[in-house]
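Structure record follows, encoded as structure tokens.
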Amino acid sequence: MSSLVVLPAPLLSLFAFVMVVAVVALVAWALHLMQAANDRREFSLMLAGCMVCSAAVGLATVMVLTLTGANRLEARGLLPPIPQLESGVSLDAIVLPWQGSPQSRLGSPE
């Protein structure tokens, strides 16, 4: 198993609940800003509401990716281990212009 930190189930559930509450609070604040923008006829409040709403969507996306990612499921024992691949690039199959004789680069005169 890789060296991932696994939170206990109650703590993970509490973390997920807090994140959901934060997303709901951000959406409620965005709706409040947009209602105030409509009442006062201020476009800047509408933009602020859209920015808060996009922050809520971003937070929800990060939460879903964090709590259900492949590494997270592997650490909890729900997926088989992900194989570790060797990283790097092999240049064995590449022929560089300065390798070989000058005649082979120019073509053989016949």
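This is a predicted model, so every value here is computed, not measured.
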message: Let me confirm one number: the CG-OG distance from L26 to S54, rounded to the nearest 0.5 Å.
response: 9.5 Å
message: I need the R40 CZ to M46 CE distance, nearest 0.5 Å.
response: 12.5 Å
task: State plainly whether one hydrophobic cluster holds both L47 and V52, where clusters connect Ile, Leu, Val, Met, Phe, Trp and Tyr through side-chain heavy atoms under 4.5 angstrom apart.
output: no
query: Linking I/L/V/M/F/W/Y whenever their side-chain heavy atoms sit closer than 4.5 Å, directly or via other members, would V20 and L59 fall into one cluster?
result: yes
- request: Measure across V27 and A56 and return the closest heavy-atom pair with its distance rounded to 0.1 Å.
  value: CG2-CB, 3.8 Å
- request: Measure across A60 and V23 and return the closest heavy-atom pair with its distance rounded to 0.1 Å.
  value: N-CG2, 4.0 Å
When the side chains of residues 28-37 are checked against the rest of the protein, which donor-acceptor pairs come out under 3.5 Å, sequence neighbours left out?
| from | atom 1 | to | atom 2 | distance (Å) |
| --- | --- | --- | --- | --- |
| Q35 | NE2 | D39 | OD1 | 3.1 |

